[in-house]
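Here is the structure we will look at, set down as structure tokens.
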Amino acid sequence: MAFFSSSTRQVPEAAAVPKHVAVIMDGNGRWAKKRFLPRVAGHVKGVELVREMVRACLERGVQYLTLFAFSSENWRRPQEEVTLLMQLFVKALEQEVEKLDRNGVRLRVIGDLGRFEPRLQELIRQAEAKTAGNTRLDLTIAANYGGRWDIIQATNRMLAAQPEKREAWLESDLEPHLSMNFAPEPDLFIRTGGEERISNFLLWQLAYTELYFTPTLWPDFDTAEFDKAIASFQQRERRFGRTSEQLVEKTNA
Ligand code: IPE
Ligand code: IPE
Ligand code: MG
């Protein structure tokens, strides 16, 4: 399995476009409420924006797009909303996978999928298999995902495979077992909807990611908004613990 070394150990080449973008798509409910619509109308609109985001990533050459669609804590929502979200997920898989495949997108779903109904699990399995050979964009949907769950499941798997690690293990022993083991760490994290928190998303992988928070609600987060986030990212100096001067030396070397 392809495994990338931690981006916190090497300074990535200054790239105009972030290689990996991770997004918490928040604000669907408030978007609907402002329009006196049921919350689910916001989620329906939100799916449209996912489509637009995928297109934008393909056009801009982003290689990995990771979207938080349903957290392990979202089961706490009213039963009706959870059911509607699951139905939307099924519908999106039924309707979008063909097109994703035609566009060279590889789809993966990460999270504790065992809690989903069998039909949804089967659709996920089929979508992943169908798109497994695609290389233009890696689209990952985090569903029933939690960053703490991920670290614990990875630890359990590592210890099952290599019990001798119990005594002392390194980051590099754990990383191949994390859900995102196929991708470099996110360069840019975006959270829409105004909250400035991680909400148990990719806890391990966001250690050195550039964070971008915007009050724009997810259903309003169009390509122009995405370009603003990229422009902000391009202004940042990623030091990974080094000094500014060291980075200048590296660039001039
Ligand atoms: C994000 O929008 C979508 C999911 C969590 C599924 P919200 O539903 O959290 O929208 P707000 O935060 O209530 O506006
Ligand atoms: C985070 O949004 C999860 C997703 C967008 C899927 P929430 O709306 O659930 O997060 P909190 O509850 O405001 O932290
Ligand atoms: Mg929310």
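Note that ligands are numbered from 1 as they come in the structure, with each ligand's atoms numbered from 1 the same way. Heavy-atom basis, side chains included; hydrogens, waters and symmetry copies ignored. What you see is a predicted model, and the numbers here were worked out from it, not measured in a lab.
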Enumerated ligand 1 atoms positioned under 4.0 Å from heavy atoms of Ala69 | 6 (C)

Distance-only, no hydrogens or angles: does the Arg115 side chain make a donor-acceptor pair with backbone N or O of Ser72 under 3.5 Å?
-> no

So which heavy atom in the protein is nearest atom 14 (O) of ligand 2, and how far is it from that ligand atom?
-> Ser199 OG, 2.6 Å

In terms of heavy-atom contacts, does CZ of Arg148 have more than 12 from other residues, nucleotides or ligands at under 6.0 Å?
-> no

Proximal ligand 2 atoms for Arg77, defined as those under 4.0 Å from one of its heavy atoms = 7 (P), 8 (O), 9 (O)

Check ligand 1 against Arg30 and write out every atom of the ligand that is under 4.0 Å from a heavy-atom position of the residue.
-> 11 (P), 12 (O), 14 (O)

For residues 135-143, tabulate all N or O donor-acceptor pairs below 3.5 Å that involve a side-chain atom, not counting sequence neighbours.
residue : atom : partner : partner atom : Å
Arg136  : NH1  : Asn103  : O            : 3.2
Asp138  : OD1  : Arg108  : NH1          : 2.5

Is the backbone of Pro184 close enough, under 3.5 Å, to the side chain of His20 for a donor and an acceptor to pair up by distance?
-> yes

Heavy atoms of other groups near Glu80 CD, more than 12 under 6.0 Å = no

Which atoms of ligand 1 have any heavy atom of His43 under 4.0 Å away?
-> 3 (C), 8 (O)

Where do Val82 and Arg77 come nearest, in terms of heavy atoms and distance?
-> CG2-O, 3.8 Å

Leu217 contact mode with ligand 1 (heavy-atom cut-off under 4.0 Å) | neither

Which atoms of ligand 1 have any heavy atom of Asn74 under 4.0 Å away?
-> 5 (C)

Pick one of side chain, backbone, both or neither for how Phe70 approaches ligand 2, counting any non-hydrogen atom pair under 4.0 Å.
-> backbone

Return yes or no for this condition: an N or O of Ser71 is under 3.5 Å from an N or O of ligand 2.
-> no

Just jot down the ligand 2 atoms closer than 4.0 angstrom to any heavy atom of Arg197, in number order.
-> 11 (P), 13 (O), 14 (O)

Ionic contact status for Arg242 with Glu249, cut-off 4.0 Å | no

Tell me how many protein N, O or S atoms are closer than 2.8 Å to the Mg ion (ligand 3).
-> 1

Mind checking whether Arg191 contacts ligand 2 via backbone (N, CA, C, O), side chain (CB onward), both or neither, at a 4.0 Å heavy-atom cut-off?
-> side chain

Within reach of ligand 1, part of Arg39 (heavy-atom separation under 4.0 Å) = side chain

Indicate yes or no for a side-chain donor-acceptor contact from Thr155 to the backbone of Ile151 under 3.5 Å, with no hydrogens or angles considered.
-> yes

Glu81 (side chain) donor-acceptor with Pro78 (main chain) under 3.5 angstrom | no

N or O contact, Asn28 vs ligand 1, cut-off under 3.5 Å = yes

Here the atoms of ligand 2 under 4.0 Å from any heavy atom belonging to Ile24 are 1 (C), 5 (C)

